[in-house]
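A quick write-up on the structure given underneath.
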Amino acid sequence: MKKWNCELKNPPQKITVGTKLQLSCDGEIPTSLGKKNLSIIFPKKENAYKLHFLKTLNIKEGHIDLEVTSYKTGFFEGSFTITDGLESFVVENFSFQVDSVLSKNQQVKPHGAFGPWKEPIPFSYFLFCGLTLSLFLAMTGILFYRFFQRKKLKERIATRLQGRWPSKIFIKNLRRLSKHSSHYISDLEVLFKIFLENLFCIPTLKKSSFQILHSLRKYETSIYKKHSNEIRQLLKELKKMKEQKVKQEIHFQLEKTCKDLVFLLEEEKK
């Protein structure tokens, strides 16, 4: 292998890690030594990156200038090889010293155990962490609450239906109502809401029409898109009529509307 003589050209008084240096070498130049993808290889692995190739500054017959740097501190004396993967040459009797970027008075001290904190932490940091944790706990609590509420509702509905279709329960209870009662429309409204609860497993009693439709859109999107207007209109009529005295003909009309919608929704659900 060819042997070359190399030296650092005009090096600074103090070479530190990362300092860009010019390495000038003289010798018999390999015929195919490339200008790029050169690397510097040391015989001992612990000396790797003592010198690292950056770029070729000048190359001509018998001479080459390279820009290099060092990524390791300490003193080096010995040999290394410069190669492009195909051609290479050896540099012997080369020595240089690389110092730390820090001065002697700035030597890095090893960290002890972390904490207690020596620097005060801003109050806003604790406030932000507290709010984030509170929001997370609140959202988790709400999700768990809704999950268990829906689970209990399903259990109540299963006990109430006992394997029967909600329309059968609705018709059975409807027959028990007296059309001559002053509370007939209020009772009809309750029966219709119970039917919706049984069919779609959504809370309806003591809920407004807006809340009922909101739950329907969440759990039964396709039915909501098809029949939300009809459900909204019927609930609106029932609420309006129960607050005033109406003729018995109105009772029959609302009852028929309820039954038609009950069978339509149940058919859709099937």
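These numbers were taken from a predicted model, which means no experiment stands behind them.
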>> Hydrophobic clusters here meaning ILVMFWY residues chained together by side-chain heavy-atom distances under 4.5 Å, can you tell me if I194 and L238 are in one?
In response: no
> For the atom pair CG (L264) and CD (E267), what is the distance rounded to the nearest 0.5 Å?
Replying inline: 8.5 Å
> Any side-chain heavy atom of P43 sitting closer than 4.5 Å to one from S79?
Replying inline: yes
>> Does atom OH (Y49) have a neighbourhood of more than 12 heavy atoms from anything else shown, all under 6.0 Å?
In response: no
> Going by an N to O cut-off under 4.0 Å, is there a salt bridge joining E268 and K226?
Replying inline: yes
> Are V262 and L161 connected, step by step, through hydrophobic side chains (Ile, Leu, Val, Met, Phe, Trp, Tyr) whose heavy atoms are closer than 4.5 Å?
Replying inline: no
> In the single-linkage hydrophobic clustering (I, L, V, M, F, W, Y; side-chain heavy atoms under 4.5 Å), do Y219 and L235 co-cluster?
Replying inline: yes
>> Take a 6.0 Å sphere around CZ of F136 and say whether it holds more than 12 heavy atoms from other residues, nucleotides or ligands.
In response: no
> Considering all heavy atoms of both residues, which atom of E266 and which atom of S167 are nearest to each other, and what is their separation?
Replying inline: OE1-OG, 2.6 Å
>> Measuring only between side-chain heavy atoms, which start at C-beta, is L188 closer than 4.5 Å to L174?
In response: yes
> If you measure from CG on L66 to CD1 on I40, what distance do you get to the nearest 0.5 Å?
Replying inline: 6.5 Å
>> Please evaluate residues E92 and K3 with respect to the criterion salt bridge (charged side-chain N to carboxylate O under 4.0 Å, His left out), reporting the C-alpha separation (whole Å), side-chain torsions for both, the decisive distance (0.1 Å), and the verdict.
In response: CA-CA 7 Å; E92 296 181 336; K3 295 182 179 179; 3.6 Å; yes
>> Would you compute the distance between atom CG of D99 and atom CD of Q13 and round it to the nearest 0.5 angstrom?
In response: 11.5 Å
> Is any side-chain heavy atom of I223 less than 4.5 Å from a side-chain heavy atom of K225?
Replying inline: no
>> Just so I know, are the side chains of I82 and F53 near enough to count as touching, which here means a heavy-atom distance under 4.5 Å?
In response: no
>> Between K72 and E46 (salt bridge meaning N to carboxylate O under 4.0 Å), is one present in this structure?
In response: no
> Is there a side-chain contact between F42 and F76, using heavy atoms and a 4.5 Å cut-off?
Replying inline: yes
>> Could you go through V98 and T16, starting from their C-alpha distance and side-chain angles, then the distance that decides it, and tell me whether this counts as side chain to side chain contact (heavy atoms under 4.5 Å, CB included)?
In response: CA-CA 5 Å; V98 179; T16 59; 5.6 Å; no
> If you measure from CZ on F252 to NZ on K256, what distance do you get to the nearest 0.5 Å?
Replying inline: 13.0 Å
> Any side-chain heavy atom of L8 within less than 4.5 Å of one from F94?
Replying inline: yes
>> How long is the straight-line distance from NZ of K14 back to OG1 of T19, given to the nearest 0.5 Å?
In response: 9.5 Å
>> I need the minimum non-hydrogen distance between M241 and I185, along with the two atoms involved.
In response: CB-CD1, 3.5 Å
> Are any side-chain N or O atoms of K50 and backbone N or O atoms of T73, one a donor and one an acceptor, separated by less than 3.5 Å?
Replying inline: yes
> Would D65 and H63 count as having a side-chain donor-acceptor pair, cut-off 3.5 Å?
Replying inline: yes
>> Could you walk me through whether F195 and L265 satisfy the side chain to side chain contact (heavy atoms under 4.5 Å, CB included) test, starting with their C-alpha distance in whole Å, then the side-chain angles of each, then the deciding distance to 0.1 Å, before giving a yes or no?
In response: CA-CA 10 Å; F195 166 78; L265 293 175; 4.2 Å; yes
>> Q22 vs L57, test: side chain to side chain contact (heavy atoms under 4.5 Å, CB included). Steps then yes/no.
In response: CA-CA 8 Å; Q22 181 175 329; L57 299 176; 3.9 Å; yes
> Side chains of P203 and L153: closer than 4.5 Å at any heavy-atom pair?
Replying inline: yes
>> Would you say that K168 contacts K172 through its side chain, given a criterion of any heavy-atom pair below 4.5 Å between the two side chains?
In response: no
>> For D84, is there any backbone N or O sitting under 3.5 Å from a side-chain donor or acceptor partner on S88?
In response: no
>> Would you compute the distance between atom OG of S208 and atom NE2 of H214 and round it to the nearest 0.5 angstrom?
In response: 10.5 Å
> Would a hydrophobic clustering, with Ile, Leu, Val, Met, Phe, Trp and Tyr connected at side-chain separations under 4.5 Å, put W165 with I171?
Replying inline: no
> Salt-bridged, R160 to E197, with N to O below 4.0 Å?
Replying inline: yes
> Short question: side chain of K193, backbone of K207 - any donor-acceptor pair under 3.5 Å?
Replying inline: yes
> Looking at L261 and F192, what are the two nearest heavy atoms and their distance?
Replying inline: CD2-CZ, 3.7 Å
> Between the main-chain N or O of C201 and the side-chain N or O of R150, is there a donor-acceptor pair closer than 3.5 Å?
Replying inline: yes
> What's the verdict on side chain to side chain contact (heavy atoms under 4.5 Å, CB included) for L21 and F96, showing C-alpha distance, side-chain angles and the deciding distance?
Replying inline: CA-CA 12 Å; L21 305 166; F96 67 105; 5.5 Å; no
>> Is there a path of hydrophobic side-chain contacts, each under 4.5 Å between heavy atoms, that joins I41 and L51?
In response: no
